[in-house]
Amino acid sequence: MKNIMRWLSQPPVDGPASTVLLRLMAGSVFFWEGILKFVYVNQGVGRFTKLGMPFPIFTADFVGGLEIVGGLLVMAGLLTRWIAIPFIIEMMVAMLSTKISLYLGTSPLPLPPAPPKIGAWAVLHEIRSEYAQIMVVTYLLINGPGKRSLDALLARLRATHASAFIGRTALPGLVSRTSEVGASS
């Protein structure tokens, strides 16, 4: 468990600086979709009610809040691995709760405006956004937020503070022990 916590809280931050583009893409989509859940009933409570989600008001507000806060975290590159996990779960739930019924032609949501309206091709067409989101967030989970992130800044600060601490504490003791060993020889 300790290793998992360390893996989540200390992601690699030496990845390409261009990872910021992936974070901005995924984070901004989560962010504005979260806002839409509060602004438009048909995107939030109405949608969750039609899908038969339990406690649709709470669920829509929770998911909307998660997307707003999490989207900001992803864009900033802060707690990247921590927020990637609930986003992956959310995208899987979104795909399963909306696309299976679309495949079967029993969706309570409006069908796509143009063919294909039901079946595998309709699902593949309609799943494109969720698929892109889950792939980008999975990439960030595995590879970390990149060099230009708050996680990277915090890692640099921790390393600076750790080396300063070691310099203040370990080296003087090491120096005095080394001189004692040299004097006793």
Side-chain angles (χ1 to χ4, degrees), residues 1 4-5 7-8 11-12 15-16 18-146 149 151:
M1 186 66 165
I4 293 171
M5 297 301 281
W7 185 81
L8 286 169
S18 59
T19 302
V20 70
L21 298 173
L22 294 174
R23 288 195 343 259
L24 290 174
M25 187 281 294
S28 62
V29 171
F30 280 115
F31 178 71
W32 74 59
E33 287 297 320
I35 290 173
L36 286 173
K37 284 176 179 59
F38 290 103
V39 175
Y40 294 100
V41 174
N42 68 323
Q43 294 297 316
V45 177
R47 183 177 185 90
F48 283 63
T49 301
K50 283 182 184 177
L51 291 171
M53 294 282 181
F55 312 106
I57 296 171
F58 170 79
T59 307
D61 288 351
F62 177 79
V63 171
L66 173 71
E67 289 179 343
I68 291 169
V69 173
L72 291 171
L73 289 172
V74 168
M75 286 188 282
L78 179 62
L79 304 173
T80 308
R81 281 185 164 167
W82 287 99
I83 197 62
I85 293 169
F87 276 167
I88 290 169
I89 293 168
E90 179 194 352
M91 290 296 95
M92 292 173 72
V93 169
M95 289 188 288
L96 292 172
S97 65
T98 61
K99 302 317 185 256
I100 291 173
S101 59
L102 178 64
Y103 175 78
L104 298 172
T106 60
S107 178
L109 301 173
L111 293 177
K117 290 189 176 283
I118 60 170
W121 288 113
V123 170
L124 290 173
H125 179 69
E126 292 295 316
I127 208 169
R128 65 193 182 280
S129 176
E130 291 96 341
Y131 179 74
Q133 291 291 95
I134 203 169
M135 287 298 153
V136 171
V137 174
T138 302
Y139 173 88
L140 295 172
L141 176 66
I142 294 167
N143 295 301
S149 66
D151 283 341

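Positions are given from 1, in the same order as the sequence printed here. These values consider heavy atoms only, across backbone and side chains, with no hydrogens, waters or symmetry-generated copies.
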Is the shortest heavy-atom distance from the side chain of [X] to the side chain of [Y] under 4.5 Å?
X      : Y      : value
Pro86  : Leu66  : yes
Glu126 : Thr98  : no
Val74  : Val137 : no
Met92  : Glu130 : no
Leu111 : Leu102 : yes

So which atom in [X] and which in [Y] form the shortest heavy-atom distance, rounded to 0.1 Å?
X      : Y      : value
Gly70  : Ile83  : CA-CG1, 3.5 Å
Ile68  : Phe31  : O-CD1, 3.6 Å
Leu8   : Arg81  : O-CB, 3.6 Å
Thr19  : Gly144 : CG2-O, 3.9 Å
Ile127 : Leu124 : CG2-O, 3.4 Å
Pro145 : Arg23  : O-NH1, 2.7 Å

Who passes side chain to side chain contact (heavy atoms under 4.5 Å, CB included) against [X], sequence neighbours left out?
X      : answer
Pro116 : Trp121, Ala122
Ile142 : Thr138
Asp61  : Phe38, Ile57
Tyr103 : Ala120, Val123

Can you give each donor-acceptor pair under 3.5 Å made by side-chain atoms of residues 40-55, sequence neighbours left out, with the distance rounded to 0.1 Å?
residue	atom	partner	partner atom	Å
Thr49	OG1	Val45	O	2.7

| For Gly15, does its backbone N or O pair with a side-chain atom of Asn143 as donor and acceptor, under 3.5 Å? |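 A pair under 3.5 Å: no.
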Starting at [atom1] of [X], measure out to [atom2] of [Y] and round the result to the nearest 0.5 Å.
X      : Y      : atom1 : atom2 : value
Gln133 : Arg128 : CD    : CZ    : 12.5 Å
Asp151 : Leu79  : CG    : CG    : 6.0 Å
Leu72  : Ser28  : CG    : OG    : 10.5 Å

| message | For a side chain to side chain contact (heavy atoms under 4.5 Å, CB included) check, start with the C-alpha distance between Trp32 and Val39, then their side-chain angles and the critical distance, and finish with the verdict. | response | CA-CA 10 Å; Trp32 74 59; Val39 175; over 6 Å; no
| query | What pairs of residues pass the ring-ring contact (aromatic ring centres under 6.0 Å, His included) test when at least one of them lies in residues 74-98, not counting sequence neighbours? | reply |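 Sorted pair list: Phe30-Phe87.
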